[in-house]
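The model shown is predicted, which means the values in this text are computed figures rather than measured ones. Excluded from the calculations below are hydrogen atoms, water molecules and symmetry mates; all remaining heavy atoms, backbone and side chain alike, are included.
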2 protein chains.
Amino acid sequence: MKLENPTPINWKFSERAEQLQSSVIREILKVTMRPEVISFAGGLPSPETFPVERMKAAFDKVLSEQGKTALQYGPTDGYAPLREFIAASLSTADCKILPEQILMVSGSQQGLDLLGKVLVDEGSKILVETPSYLGALQAFSVYQPQFESVDTDEHGLIPASVAAKGEGARLMYALPNFQNPTGRTLSIERRMELVETCARMGIPLIEDNPYGDLCYSGEPLPKMLNMNPNGVIYMGSFSKVLTPGIRLGYVVGPVPLIRKLEQAKQAADLHTAQLTQMVVYEVIKDGFLGEHIPTIRTFYSRQCDVMLEAMTKFFPQGVTWTRPEGGMFIWVTLPKHIDSKLLLDEAIQHNIAFVPGGPFYANEAEKNTLRLSFVTVSPERINEGIEKLGKLIKAKM
Amino acid sequence: MKLENPTPINWKFSERAEQLQSSVIREILKVTMRPEVISFAGGLPSPETFPVERMKAAFDKVLSEQGKTALQYGPTDGYAPLREFIAASLSTADCKILPEQILMVSGSQQGLDLLGKVLVDEGSKILVETPSYLGALQAFSVYQPQFESVDTDEHGLIPASVAAKGEGARLMYALPNFQNPTGRTLSIERRMELVETCARMGIPLIEDNPYGDLCYSGEPLPKMLNMNPNGVIYMGSFSKVLTPGIRLGYVVGPVPLIRKLEQAKQAADLHTAQLTQMVVYEVIKDGFLGEHIPTIRTFYSRQCDVMLEAMTKFFPQGVTWTRPEGGMFIWVTLPKHIDSKLLLDEAIQHNIAFVPGGPFYANEAEKNTLRLSFVTVSPERINEGIEKLGKLIKAKM
C-alpha cells in the first residue's frame with residue numbers, strides 16, 4: 001500500500017514563513033532546562049503563585065454542573081459571563097467598557113497575531129518601543145511590516161518621537177507597565193501625551209498590559225484604554241495573575257475592530273476553550289484576584305529586592321540597570337564594548353543563563369544589554385548566580 | 001483623565017482582513033438557537049457522546065499529581081507522551097511515524113490556519129475538492145490564494161483532475177473519509193492514485209481526517225499518510241471522538257515542514273494548553289477510545305438511518321442525496337431550479353434549519369445543494385423536520 005520511491009517534496013514555504021525564526025528565548029530555555037543551571041532567562045511566572053487547588057475545584061464544579069456545555073463548541077467572541085466580568089472590571093467612572101468590546105483569545109500572543117493579521121499589510125509602518133517585547137515583534141513580523149523604533153529614555157517611550165516618526169503608521173505597540181524587557185513604567189503625563197498624539201495622528205494604540213496588576217506598592221496607574229476607548233486597543237491576560245498554561249487572554253477595543261478580529265479568530269481556531277473560560281470565571285467571579293494578586297506582588301517584590309541587592313554588591317562599576325516598580329524583569333546595560341550574546345555563551349559554561357538584549361530591538365540592537373528575570377529562582381541561587389555573573393562581567397571590563 | 005473629543009479612528013484593515021467574512025454556518029447557528037427550531041445545520045457532535053465523567057476524573061488526577069507543570073507554559077510542539085501515543089497509533093507495519101513529526105494544535109482549524117500561513121503566498125494556486133470544507137476555505141482564504149476546484153463525482157474527488165489542473169499548485173486539500181459536506185468516502189484505488197499524482201507533481205497533499213474513526217461498519221480505510229509519509233500532511237482531531245470544546249488536534253508531516261509550522265505556532269499562540277493535552281493523554285492512554293468510539297459509531301449510524309429513511313419517505317422524486325458510510329453529514333441535491341438559500345429562508349419560517357451548499361464551493365457554486373447533519377436531533381424531530389422540509393421542497397417542484 002506504500003508508494004515506492006516517491007519523489008521527495010522540495011518544500012516551498014511562503015515568503016512570510018521563510019523569514020520566520022524561532023524565538024531566541026525558547027531556544028535558550030531548551031539549553032537551560034538542566035537543573036544545575038541558574039536561569040534568569042525565563043519569562044515564566046513562578047509556579048509558587050499558581051492557585052492549583054482553586055483551579056482544581058473549579059474544573060470539578062464546572063464539569064459537574066455544566067459538563068456538556070463546557071465541552072461543546074462555543075462562541076468565537078468568548079464566554080459571555082466572563083466578558084461581562086472583564087468589561088465591568090475595566091470600566092471607570094467616566095469610561096464604560098461594554099462586553100461586546102471584548103474578544104477572548106488563546107493567550108495574549110494570539111491577540112498580537114490577530115492584530116497583525118487584521119491591521120498589517122506587507123510594508124506597513126508600525127511603531128514599537130526601543131526595546132520592545134520579543135513575542136510581539138515575532139507575531140507582527142509574520143505580516144512583513146516595516147518596524148519603526150520609537151525613541152525611549154530611562155522613563156520609557158518618548159511620545160514626541162511618535163509625533164516625529166508616526167506619520168502613516170498602522171499601529172503603535174506599547175507596554176506601559178513594568179515593560180518586558182526593561183521593567184520600565186510610563187508616567188501618567190506620558191500616557192496622556194501618547195494617547196493624545198496617537199488620536200491626533202489616527203494611529204491605533206495597542207496597550208499591552210500583562211504585568212499591570214503586579215505593582216509592588218500603591219495602585220496601578222490609569223489605563224490608556226480609559227483615556228481614549230475609541231482609539232486604544234487593550235490587551236489583558238490571566239497568565240501572570242492566575243496561570244499561563246491555560247492560555248487565556250483578551251483584546252478590548254472599539255466594536256468595528258473587535259468584530260473584524262472575531263472573524264479572523266474564527267478562521268484561526270474557531271474559539272478558545274469554553275471550559276477554560278468557565279473555570280476562570282468560576283475562580284475569579286467572587287473577588288479571588290483581590291486576595292490573590294497581593295500575595296504575588298509581595299513575593300515578586302521580595303525576589304526583585306534580593307536581585308537588586310545582589311547586583312549592587314557583585315556587579316562592577318560601569319554596569320547600570322533598571323529598578324522596576326513591578327513585574328518580572330530587570331534590564332541591564334553593560335559597558336558598550338561587552339556583547340551580551342558572547343557573555344551568555346560564557347555564562348552557560350558556568351551554569352548561568354539570561355536573555356541577551358539584541359532580539360528585543362526591532363531595528364538596530366544595543367548589544368551590550370541583557371534581561372534578567374528574578375521570579376523563578378530562590379534567593380540563595382539569585383545571590384550565587386549574580387555573584388558568578390558579576391565576576392564574568394568584571395573579567396571583561 | 002479622559003481625552004476630550006478625540007478624533008475617531010478611521011479603521012484601515014489589512015487587505016487580507018477586508019475580504020474576511022464570518023462563517024455562514026456560525027451565522028445560521030445564531031438564528032437557530034431557539035429551542036423550537038429543528039436544526040440540521042450544526043456541525044457539532046452530539047453531547048450525548050461526551051465522556052464527561054472520564055474527563056472530570058482526568059482533570060482531577062492531572063491537577064492533583066502534576067498541577068504546577070500542567071498550569072505552566074509548555075513546549076510549542078506539544079506534550080511529549082501524547083505525541084508519542086499519536087505517533088504509535090498512526091504507524092503501520094511499513095510506515096513508522098515519529099513523535100517529532102507531530103505538532104499539537106488548538107483544534108484542526110488552527111492546523112489549517114498554520115498550513116495556509118506557511119505554504120500559501122498571495123495568488124498561490126491551491127487545489128480543493130468540489131465542494132470542500134467551509135472552514136478550510138475560510139482559513140486558507142486569509143492568505144489570498146487562487147482556489148482551483150478539483151472535479152468530483154459520486155465517489156468523491158477524481159485524481160485525474162488533479163493531474164490536469166495541478167501544475168504548480170502549492171497544496172492539495174482533501175477530506176477522504178465521510179467528507180464534510182458530502183459524506184463521501186474516497187476508495188483505496190483513488191487514494192493511491194491521488195497520492196501518486198501529488199508525489200509526481202511535487203504537490204503537498206493535506207489529508208484532513210476528523211471523521212475517519214466514525215465509520216458505521218468495518219474498519220477505516222488506509223490513510224494516505226501511510227502511503228507516502230514524505231508527501232502527505234495528515235490532520236487529526238479529538239473533537240469528534242472525545243469533545244470539541246477542548247480545542248485539541250494535531251498535524252503530522254515531514255520534519256522540515258513540522259519545524260516551520262512550529263515556528264508559526266510559536267508566533268501565533270506560543271503553545272496549546274499543556275493541561276488539556278495531559279488530560280487527553282490520561283483519558284486515552286489505556287485504550288479508552290477503543291471502547292468509546294464504537295458507541296459513537298452505533299449512535300450516529302442509527303441517527304443516519306432514521307434520516308435516510310425519512311428522506312426516502314418524505315422527499316419528492318427528483319431530489320437525490322448521498323448515503324454516508326460514516327461521519328455526520330448527508331448532502332442533498334435538489335432539482336437545478338431550486339436555490340437552497342431561498343429554501344432556507346422559507347424553512348426558518350417553519351422552524352427548520354440546514355446549511356445551503358453554496359459556501360462549500362471555492363469557485364462556482366451549485367446552488368441547488370444543501371447539507372444536513374443528523375447527529376444532534378432526536379429521531380422524532382428528525383422525522384418531523386424532514387417531513388416539513390419535504391413539503392417545502394415539493395411545493396417548489
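With chain B as the partner, the residue from A:T69, A:V120, A:L275 showing the most heavy-atom pairs under 4.5 Å is A:V120. Heavy-atom pairs under 4.5 Å with chain A peak, among B:N226, B:L257, B:V52, B:I246, at B:L257. Counting heavy-atom pairs closer than 4.5 Å to chain B, the top residue among A:A17, A:G135, A:S14 is A:S14. Contact count against chain B (heavy-atom pairs under 4.5 Å) is highest for A:K12 among A:K12, A:R259, A:M192, A:E4. Residue with the most contacts toward chain A among B:L112, B:T76, B:I188: B:T76 (heavy-atom pairs, distance under 4.5 Å). No other option in B:A268, B:G67, B:P6, B:G231 has as many heavy-atom pairs under 4.5 Å with chain A as B:A268. Counting heavy-atom pairs closer than 4.5 Å to chain A, the top-ranked of the candidates B:K260, B:Q72, B:M227, B:E48 is B:Q72. The candidate from A:P8, A:P204, A:G249 with the greatest count of non-hydrogen atom pairs under 4.5 Å with chain B is A:P204. Ranked by heavy-atom pairs shorter than 4.5 Å toward chain A, the options B:D269, B:L114, B:L3 are led by B:L3. When each of A:Q110, A:R247, A:H271 is scored by its heavy-atom pairs under 4.5 Å with chain B, the top score falls to A:R247. Most heavy-atom pairs under 4.5 Å with chain B: of the set A:C95, A:P254, A:A264, A:S106, this distinction falls to A:P254. Among B:P222, B:G245, B:P47, the residue making the largest number of heavy-atom pairs under 4.5 Å with chain A is B:G245.
Going from atom OG of A:S46 over to atom NZ of B:K68 covers 7.5 Å, rounded to the nearest 0.5 Å. Distance NZ/B:K265 to CD/A:Q109: 10.5 Å, rounded to 0.5 Å. Between atom CD of residue A:E122 and atom CG of residue B:D121 there is a gap of 9.0 Å, rounded to the nearest 0.5 Å.
Heavy atoms closer than 4.5 Å to chain B are found nowhere in A:L242, neither backbone nor side chain. A:E15 touches chain B through backbone and side chain together, each having a heavy atom under 4.5 Å away. For chain A, the nearby part of B:E18 is the backbone; its heavy atoms alone come within less than 4.5 Å. Neither the backbone nor the side chain of A:E53 comes within contact range of chain B; no heavy atom of the residue lies under 4.5 Å from a heavy atom of that chain. Only the side chain of B:R170 comes within less than 4.5 Å of a heavy atom of chain A; its backbone N, CA, C and O stay farther away. Using a 4.5 Å cut-off between heavy atoms, B:N230 contacts chain A through its backbone alone, with no side-chain atom that close. Looking at B:P45, the atoms closer than 4.5 Å to chain A (heavy atoms on both sides) sit in the backbone and in the side chain alike. Using a 4.5 Å cut-off between heavy atoms, A:T92 makes no contact with chain B at all. For a residue to count as touching a neighbouring chain, one of its non-hydrogen atoms must lie under 4.5 Å from one of that chain's; by this rule B:S124 does not touch chain A. Only the backbone of B:Q274 comes within less than 4.5 Å of a heavy atom of chain A; no side-chain atom from C-beta onward does. Of the atoms belonging to A:P256, heavy atoms from both backbone and side chain fall under 4.5 Å from chain B. If you measure heavy-atom distances from A:D94 to chain B, the contacts under 4.5 Å come from both the backbone and the side chain. Neither the backbone nor the side chain of B:S108 has a heavy atom closer than 4.5 Å to any heavy atom of chain A.
With contacts defined as side-chain heavy-atom distances shorter than 4.5 Å, the pair B:K2/A:P229 qualifies. B:R200 has its side chain out of reach of A:T7: every pair of non-hydrogen atoms, C-beta onward, lies at least 4.5 Å apart.
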Using distance only, find each side-chain donor-acceptor pair of residues 136-145 of chain A under 3.5 Å and give its atom names and separation, not counting sequence neighbours.
| residue | atom | partner | partner atom | Å |
| --- | --- | --- | --- | --- |
| A:Q138 | NE2 | A:Q21 | O | 3.2 |
| A:Q138 | NE2 | B:Q266 | OE1 | 2.9 |
| A:S141 | OG | A:L137 | O | 3.3 |
| A:S141 | OG | A:Q138 | O | 2.9 |
| A:Y143 | OH | A:D113 | OD1 | 2.7 |
| A:Y143 | OH | B:K117 | NZ | 3.4 |

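Each of A:D60, A:V279, A:L63 was evaluated against B:F59; a single residue qualifies, A:L63, per the side chain to side chain contact (heavy atoms under 4.5 Å, CB included) test.
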